[in-house]
Amino acid sequence: MEDSKKKRKREDTPNKDEDEDHFDFEQGMSITPRYKVYRLLGDGTFGRALEVWDRKREKFCALKIVRRVKRYTDAARIEAEVLTAIRRHDDRDNSSG
């Protein structure tokens with residue numbers, strides 16, 4: 001039982017390799033043809049947020065880029081599903097910003 005607690009603790013603690021899994025970007029680079037990076041908004045445990053120019057909507061917006069860590073990408077998929085469901089049920093288009 002003690003070994004399983006230690007193992008779980010190690011799995012839940014980010015290591016140096018994971019710290020290097022943030023998306024590398026440069027100001028002005030394109031992320032897909034739609035988004036052009038303007039600046040870093042912030043770094044967090046799950047990833048980083050960038051301010052980007054949305055060429056399709058012709059306005060600035062935030063783009064969340066999740067780190068390449070399985071538990072974070074799994075959580076991001078769930079978050080995306082929840083946000084999709086909210087948007088699907090938003091008859092007044094209040095969730096699109």
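Residues Ile31 and Leu63 are in side-chain contact: their nearest non-hydrogen atoms beyond the backbone lie under 4.5 Å apart. In this structure, Asp54 and Tyr35 have side chains that are in contact, with non-hydrogen atoms separated by less than 4.5 Å. Looking at heavy atoms from C-beta onward, His22 lies out of side-chain contact with Arg68 at the 4.5 angstrom threshold.
Distance check: Cys61 SG to Arg34 CZ gives 7.0 Å after rounding to the nearest 0.5 Å. To the nearest 0.5 Å, the span separating CZ on Phe60 from CG on Leu41 amounts to 11.0 Å. Note that CD1 of Ile65 is 10.5 Å distant from CG of Asp24, once rounded to the nearest 0.5 Å.
Residues forming a ring pair (Phe, Tyr, Trp, His ring centres under 6.0 Å) with Phe46 (at least two apart in sequence, or on another chain): Tyr72. Annotation: salt bridge (charged side-chain N to carboxylate O under 4.0 Å, His left out) contacts of Arg55 (sequence neighbours excluded): none. Lys70 pairs by the side-chain hydrogen bond (donor to acceptor under 3.5 Å, both in side chains) definition with Asp74, not counting sequence neighbours. Judged as a side-chain hydrogen bond (donor to acceptor under 3.5 Å, both in side chains), and not counting sequence neighbours, the contacts of Arg39 are Glu51. In this view, Lys36 satisfies the side-chain hydrogen bond (donor to acceptor under 3.5 Å, both in side chains) rule with no residue, not counting sequence neighbours. Looking at residues two or more places apart in sequence or on another chain, you find no ring pair (Phe, Tyr, Trp, His ring centres under 6.0 Å) involving Phe25.
Closest of all the heavy-atom pairs between Thr73 and Val66 is N-CG1, 4.0 Å.
Proximity of a side-chain donor or acceptor of Arg67 to a complementary backbone N or O of Thr45 within less than 3.5 Å is detected. A side-chain donor-acceptor contact under 3.5 Å links Arg48 to the backbone of Phe23.
For Tyr38 and Trp53, the distance between ring centers is not under 6.0 angstrom.
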Test side-chain contact (heavy atoms from CB on, under 4.5 Å) on Lys64 and Glu79; report intermediate values, then the result.
CA-CA 11 Å; Lys64 181 178 179 180; Glu79 180 181 3; 2.8 Å; yes
Start with the C-alpha distance between Arg88 and Ile86, add both sets of side-chain angles, then the distance that settles side-chain contact (heavy atoms from CB on, under 4.5 Å), and finish with yes or no.
CA-CA 5 Å; Arg88 191 175 329 125; Ile86 290 170; over 6 Å; no
